[in-house]
Amino acid sequence: MSPSNLAVRGAWLCLLLLSAAAAPAAEALGMNWGTQATHALQPKIVVQMLRDNGIKKVKLFDADHGTLNALAGTDIEVMVAIPNVLLDLMTDYDNARDWVRHNVSRYHFEGGVKIKYVAVGNEPFLASYNGTFDKVTFPALRNIQNALNDAGLSDVKATVPLNADVYNSPTSNPVPSAGRFRADITALMTEMVTFLAKNSAPFTVNIYPYLSLYLSDDFPVDFAFFEGQAAPVVDGAISYTNVFDANFDTLVSALKAVGHGDLPIFIGEVGWPTDGDRRATNALAERFYNGLLKRLAANAGTPLRPNQYMEVYLFGLLDEDVKSVAPGAFERHWGILRFDGQPKFPIDLTGQGQNTMLVPAKGVDYLPRTWCVYNGNAKDTSKLAENVNFACTFADCTALGYGSTCAGMDAIGNASYAFNAYFQVQNQRDEACDFQALAVPTQTDPSTATCNFTIQIAADSSTSAAHRRTQSVLIGAPALFVLALLQLFFVLH
Ligand SMILES: *[C@@H]1O[C@H](CO)[C@@H](O)[C@H](O)[C@H]1NC(C)=O
Ligand SMILES: *[C@@H]1O[C@H](CO)[C@@H](O)[C@H](O)[C@H]1NC(C)=O
Ligand SMILES: *[C@@H]1O[C@H](CO)[C@@H](O)[C@H](O)[C@H]1NC(C)=O
Ligand SMILES: *[C@@H]1O[C@H](CO)[C@@H](O)[C@H](O)[C@H]1NC(C)=O
């Protein structure tokens, strides 16, 4: 290397160090980017929005080609994922090698995608899975990391995002220092943690103070937040005033107990939902993120790991209207942005407390301003409930529940909300606003101050609808032709 090159390089290094020192830690914050939506925003729109907001890391739930293509050439670091249903396949090394080739190596070039991590499964040891993935997860993890190493990609680390229910402290001594891995998976966790340590890969855990509050009416509200107002949980010399620290340190203790107390820990998911439950509100979400992000920016760490940088991925970026509501109606409302990339509440991702609205998604096209509501002239209303049920089976009605943004409407209001939700999901097809003559389209916005009757985004802004459109062009043309003929038939008669 020539001296002038060295000098240039030296200058660059200085610049890098300077910018690293100047940038608040929370700028390195990651986002979970899930796509379980009827009208998922186009990846290139999402990527532009990430860049507009200075977001440098994303965690995906798959390795979707369209998503990775949109991320190519950006400086955004990526965690790709292998869904639980593929774990079994990955217990075979050849399959793991193929997966790495197709979904990691393929993007690993100058100007490609900065893939840094592979998430092997998603919360596979969740107690409610009854052990379904207990036997396959560790072999899959081992094969994927080995395949990465064999492909010369040992800088890419495989990790398993786990739910915080993989560890606990005994009810007789419910303090963080007594934390241990769950009895049924202690041996498994020990083996896995040892493997992660050997490969310098992080332990990834999802921590949800919101769920502590949701699941227990006795849970002290302030303990879910970070203002230090809660009556502390005293653990020897340490006083915990928030559940996030207490939960994290329970994991630190569990790791220590299996000989790896210093293994790096990533927070794979943390966040607060904004609808579908009385505690899921914009105001509480703003309060939660405000406290969390300030602490992250200050590298506060936790009592057992003080003054440490923490790698954190917020959950999540966007609302997803087809997520399973088995855990609760709030599941479809975790986004810091609405489904269409509009910010919901002020936030400062750099943790300086200067909360402002994020930069919204740009170039989003909406369907026309047409809603579908209950038909005031309906004659036979005996099938109303049945039709509302149908609409809510195929569209998201979670905003109607107790404590939610559209709660408290009468049966007619509920019906209108449901009919509109379905009509939008169906891209405002004429036939989707009939419901046995119980519904009519309208150009008047039925929304109220708190309850939003949404207009969905149009096909050219969303992937699913765009996909559907291509399908109709490719295979649906004859069907459309027949439909046109039939319509003509009805017009003529
Ligand atoms: C990942 O790789 C496998 C090949 O092992 C392929 O079948 C699969 O479609 C890829 N996944 C994605 C989302 O591209
Ligand atoms: C786990 O077991 C419970 C109780 O037996 C059952 O209700 C549930 O459906 C099972 N879940 C899975 C994912 O197998
Ligand atoms: C409206 O729908 C919600 C959610 O399904 C329900 O709890 C409520 O009872 C309904 N209201 C009426 C008047 O039917
Ligand atoms: C309803 O949705 C529109 C469109 O994104 C948004 O601008 C508005 O703030 C929303 N209103 C409420 C009450 O959430």
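This one's a predicted model, so the numbers in the text were calculated from it and none came from an experiment. Read the numbers this way: they start at 1 and go in the same order the structure lists the ligands and their atoms.
Considering Y289, W272, Y208 in turn, Y208 is the only one that fulfils the ring-ring contact (aromatic ring centres under 6.0 Å, His included) rule with W334.
Residue N95 has no N or O atom closer than 3.5 Å to an N or O atom of ligand 1.
Between Y129 and F133, the ring planes are perpendicular. Angles over 60° get that label, and only those under 30° would be called parallel. Ring planes of H65 and Y107: tilted class, angle from 30 to 60°.
The pair D150-R97 fails the salt-bridge criterion, with no side-chain N (NZ, NE, NH1 or NH2) lying under 4.0 Å from an Asp/Glu carboxylate O. Contact check on D340 versus R338 returns a salt bridge, with a Lys/Arg side-chain nitrogen under 4.0 Å from an Asp/Glu carboxylate oxygen. With respect to K114 and D75, no salt bridge is recorded, no charged nitrogen being found less than 4.0 Å from a carboxylate O.
Within the 4.0 Å heavy-atom criterion, the part of N414 lying near ligand 3 is the side chain and not the backbone.
Within 4.0 Å of ligand 2, protein heavy atoms come from S128, N130.
Here is the list of ligand 1 atoms found below 4.0 Å of a heavy atom in A63: 12 (C), 13 (C), 14 (O). Close approach of ligand 3 to M409 is summarised as follows: ligand atoms under 4.0 Å from at least one heavy atom of the residue are 11 (N), 13 (C). Per-residue contacts place D410 under 4.0 angstrom from the following atoms of ligand 3 (heavy atoms of the residue considered): 13 (C).
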Legend entry - Check against side chain to side chain donor-acceptor pair (under 3.5 Å), Q424 and N420: CA-CA 6 Å; Q424 303 299 330; N420 181 62; 2.9 Å; yes
Inset, instruction - Apply the test side-chain contact (heavy atoms from CB on, under 4.5 Å) to residues K157 and Q145: give CA-CA distance (whole Å), side-chain angles for both, the deciding distance (0.1 Å), then the verdict. - result: CA-CA 7 Å; K157 303 300 181 188; Q145 185 66 67; 4.3 Å; yes
